[in-house]
J.: 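Before anything else, here's the structure in question.
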Amino acid sequence: MIGVIVTFRFGDDFDEQAIRKIADAARAMFEGMPGLRSKTFTFNPAKREAVNFYVWDSEDAARAFFTDQVLDLVTGLYGVRPTIEFVQIATLVENT
């Protein structure tokens with residue numbers, strides 16, 4: 001498994017409602033996506049950030065998703081280009 005942390009850093013233009021709207025609209029696109037175990041949309045008004053966290057079955061699946069086209073798309077949606085960090089997952093606890 002691999003995790004991907006996608007961080008959007010805003011300035012004074014941070015808009016919590018806009019971020020919620022983006023997340024609500026995008027949710028269906030990720031439901032049942034092959035190779036994706038989970039995705040979490042988060043935001044932190046104090047830091048003026050939105051952070052999305054993905055858990056993928058494999059690094060190949062994760063890297064195949066994060067193309068330049070996807071980065072351009074999310075940059076357009078959020079209005080800022082994100083940073084992307086791939087991290088190894090040592091273990092995952094799922095209580096569902």
J.: Are the side chains of P82 and T7 in contact, using a 4.5 Å heavy-atom criterion?
T.: no

J.: I89: which other cluster members, linking ILVMFWY side chains closer than 4.5 Å, directly or transitively?
T.: M1, I5, V51, F53, V55, V87, L92

J.: Under the side chain to side chain contact (heavy atoms under 4.5 Å, CB included) criterion, do T75 and V80 qualify, and how do the steps go?
T.: CA-CA 5 Å; T75 297; V80 294; over 6 Å; no

J.: Rounded to the nearest 0.5 Å, what separates atom CD1 in I19 from atom CZ in F8?
T.: 9.0 Å

J.: Return the CH2 to CZ distance between W56 and F86, rounded to the nearest 0.5 Å.
T.: 9.5 Å

J.: Listing request: all side chain to side chain donor-acceptor pair (under 3.5 Å) pairs with a residue in residues 43-53, at least two apart in sequence or in separate chains.
T.: R9-E49, D12-R48, N52-Y78

J.: Can a donor-acceptor pair be found, under 3.5 Å and without considering hydrogens, that links the side chain of D13 to the backbone of G11?
T.: yes

J.: Identify every side-chain donor-acceptor pair in residues 64-72 under 3.5 Å, counting partners at least two apart or on other chains, and give the distances.
T.:
| unit_1 | atom_1 | unit_2 | atom_2 | d |
| --- | --- | --- | --- | --- |
| T67 | OG1 | Q69 | N | 3.4 |
| T67 | OG1 | Q69 | OE1 | 3.2 |
| T67 | OG1 | V70 | N | 3.2 |
| D72 | OD1 | R81 | NH1 | 3.3 |

J.: Identify, with sequence neighbours excluded, every residue that meets salt bridge (Lys or Arg N to Asp or Glu O under 4.0 Å) alongside E85.
T.: none

J.: Of all residues at least two apart in sequence or in a different chain, which pass the side-chain contact (heavy atoms from CB on, under 4.5 Å) check with E59?
T.: I2, R63, Q88

J.: Taking the side chain as every heavy atom from C-beta outward, state whether Y54 and S38 have any atom pair closer than 4.5 Å.
T.: no

J.: What pairs of donor and acceptor atoms, side-chain ones from residues 24-32 against any protein atom, are under 3.5 angstrom apart with sequence neighbours left out?
T.:
| unit_1 | atom_1 | unit_2 | atom_2 | d |
| --- | --- | --- | --- | --- |
| R27 | NE | E31 | OE2 | 2.9 |

